[in-house]
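Treat the numbers as computed from the prediction; the structure is a model and nothing was measured.
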Amino acid sequence: QVQLVESGGGLVQAGGSLRLSCAASGRTSSNFAMAWFRQAPGKEREFVSGISWSSGSKFYEDSVKGRFTISRDNAKDTVFLEMRSLNPEDTAVYYCAARNSPFAVSTISRYGYWGQGTQVTGSS
């Protein structure tokens, strides 16, 4: 089992920045790919960004490309999401997810481990 705990969410004015962290514990010796998803009120959960175990592959949802950067520190079992130029449309609960494969994908059902989520609010 893998436990995930997100942190770093908050309220930020339009154009501001936040850095989310996701700390993993448990069976972290396995090669897990990681991802960030988000869920806005009244909407389905959607993919934001994913990163492979080796960090050799990173990809993003179109609306966040050029503004968000995903990274990971395997020595600390932590994945990060650096968010810049935030706007009200980025408001959502952000979830960290892990899958038992070194390769990240954008499909929600492929991730077996989830954090509890952290709220990000971009004010206008």
message = Treating E82 as the side-chain partner and R19 as the backbone partner, does any N or O pair qualify as donor plus acceptor under 3.5 Å?
response = no
task = Quick one: sort the Y111 and F37 rings into parallel, tilted or perpendicular, breaks at 30° and 60°.
result = perpendicular
inquiry  = Applying side chain to side chain donor-acceptor pair (under 3.5 Å), can you list everything that pairs with T121, at least two apart in sequence or on another chain?
reply    = Q119
message = For G122, is there any backbone N or O sitting under 3.5 Å from a side-chain donor or acceptor partner on T91?
response = yes
query = In a check of side chain to side chain contact (heavy atoms under 4.5 Å, CB included) between R38 and each of V93, V120, D90, which one passes?
reply = D90
ask   = When rounded to the nearest 0.5 angstrom, what distance separates CZ in F32 from CG in D77?
value = 10.0 Å
key: Nearest heavy-atom neighbours spanning Y94 and V48   = CE2-CG2, 4.4 Å
inquiry  = Taking NZ in K58 as the centre, count heavy atoms belonging to other residues, nucleotides or ligands within less than 6.0 Å. Is the count above 12?
reply    = yes
inquiry  = Rounded at 0.5 Å granularity, tell me how far CD in Q1 sits from OG in S25.
reply    = 10.5 Å
inquiry  = Does E46 have more than 12 heavy atoms from other residues, nucleotides or ligands lying within 6.0 Å of its CD?
reply    = yes
inquiry  = I'd like to know whether the aromatic ring centres of F47 and F59 sit less than 6.0 Å apart in this structure.
reply    = yes
query = What pairs meet the disulfide (SG to SG under 2.5 Å) rule with one or both residues in residues 62-103, with sequence neighbours excluded?
reply = C22-C96
ask   = So with a 6.0 Å cut-off around CZ of R45, is the heavy-atom count from everything else above 12?
value = yes
